Amino acid sequence: MSGAWVYILKCADGSYYTGLTHAESPEARLWHHNAATDAAAYTASRRQVALVYAEHLDQITDAVAAERKIKGWSRAKKEALISGNWPR
């Protein structure tokens, strides 16, 4: 598989985590987040997390740019992306 996935997880505390994966699927990353294999990770203390958005981009550079852009967005804008409701 070429390219990479940008994904958003909703954490148990209601916050959102935006990530990127190119070596595995978003579902596989979800498993790692919920297993808390990295105790220092943002999601480790906010489990259980749920995958609420994933988008595959053909170029990893585009995925990195998208991840950075989404991380800078407001909660409302992230929720509009997740729901597909841009006018909101």
Side-chain angles (χ1 to χ4, degrees):
M1 172 178 65
S2 64
W5 289 92
V6 176
Y7 62 91
I8 301 175
L9 304 176
K10 186 167 187 179
C11 302
D13 66 359
S15 65
Y16 290 110
Y17 172 84
T18 303
L20 173 81
T21 182
H22 62 88
E24 45 188 11
S25 71
E27 293 81 11
R29 288 297 301 141
L30 173 65
W31 182 89
H32 287 286
H33 284 283
N34 276 321
T37 55
D38 179 0
Y42 178 84
T43 57
S45 64
R46 294 167 173 84
R47 295 179 290 154
Q48 291 293 331
V49 299
L51 181 65
V52 294
Y53 176 81
E55 178 181 1
H56 185 266
L57 293 126
D58 291 332
Q59 300 294 319
I60 194 164
T61 53
D62 293 337
V64 170
E67 178 195 26
R68 287 184 181 153
K69 180 171 60 171
I70 293 168
K71 283 185 173 185
W73 286 355
S74 68
R75 179 179 184 85
K77 195 166 183 177
K78 289 176 187 175
E79 288 176 345
L81 175 66
I82 292 164
S83 69
N85 185 1
W86 280 111
R88 185 179 104 197

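Computed from a prediction, not measured in an experiment: that's the story for all the values here.
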Hey, could you give me the CD1/CG distance between Ile8 and Leu51, rounded to the nearest 0.5 Å? 9.5 Å
Kindly work out whether a path of hydrophobic side-chain contacts (I/L/V/M/F/W/Y, heavy atoms less than 4.5 Å apart) joins Val6 to Ile60. yes
Between the CZ atom in Arg68 and the CH2 atom in Trp73, the distance rounded to the nearest 0.5 Å is 15.5 Å
Quick one, Arg29 with His32, criterion side-chain contact (heavy atoms from CB on, under 4.5 Å). Give me CA distance, side-chain angles, the key distance, then yes/no. CA-CA 5 Å; Arg29 288 297 301 141; His32 287 286; 3.5 Å; yes
Within a strict 4.5 Å, meaning less than it, do heavy atoms of the Leu81 and Tyr53 side chains meet? yes
Check whether any side-chain N or O of Asn85 sits under 3.5 Å from a backbone N or O of Ala80 as a donor-acceptor pair, and report yes or no. no
Where do Leu57 and Ala63 come nearest, in terms of heavy atoms and distance? CD1-CA, 3.6 Å
Report yes or no: do Tyr7 and His56 form a side-chain donor-acceptor pair below 3.5 Å? no
Do you see a donor-acceptor pair shorter than 3.5 Å between the side chains of Ser15 and Tyr42? yes
Closest heavy-atom contact between Thr21 and Pro26? CG2-N, 4.2 Å
Any side-chain heavy-atom pair from His33 and Gln48 closer than 4.5 angstrom? no
Give me the atom names and distance for the closest heavy-atom approach of Glu67 to Thr18. OE2-O, 3.7 Å
Grab the two heavy atoms, one from Leu30 and one from Val49, that are nearest each other, plus how far apart they are. CD1-O, 3.3 Å
Same cluster or not: are Leu20 and Val52 linked, directly or through other Ile, Leu, Val, Met, Phe, Trp or Tyr residues, by side-chain heavy atoms under 4.5 angstrom apart? yes
Does atom CZ of Arg47 have more than 12 heavy-atom neighbours, drawn from other residues, nucleotides or ligands, at distances under 6.0 Å? yes
Given the rule in the side-chain contact (heavy atoms from CB on, under 4.5 Å) test, do Tyr16 and Ile70 qualify, once you have shown the distances and angles that lead to the verdict? CA-CA 10 Å; Tyr16 290 110; Ile70 293 168; over 6 Å; no
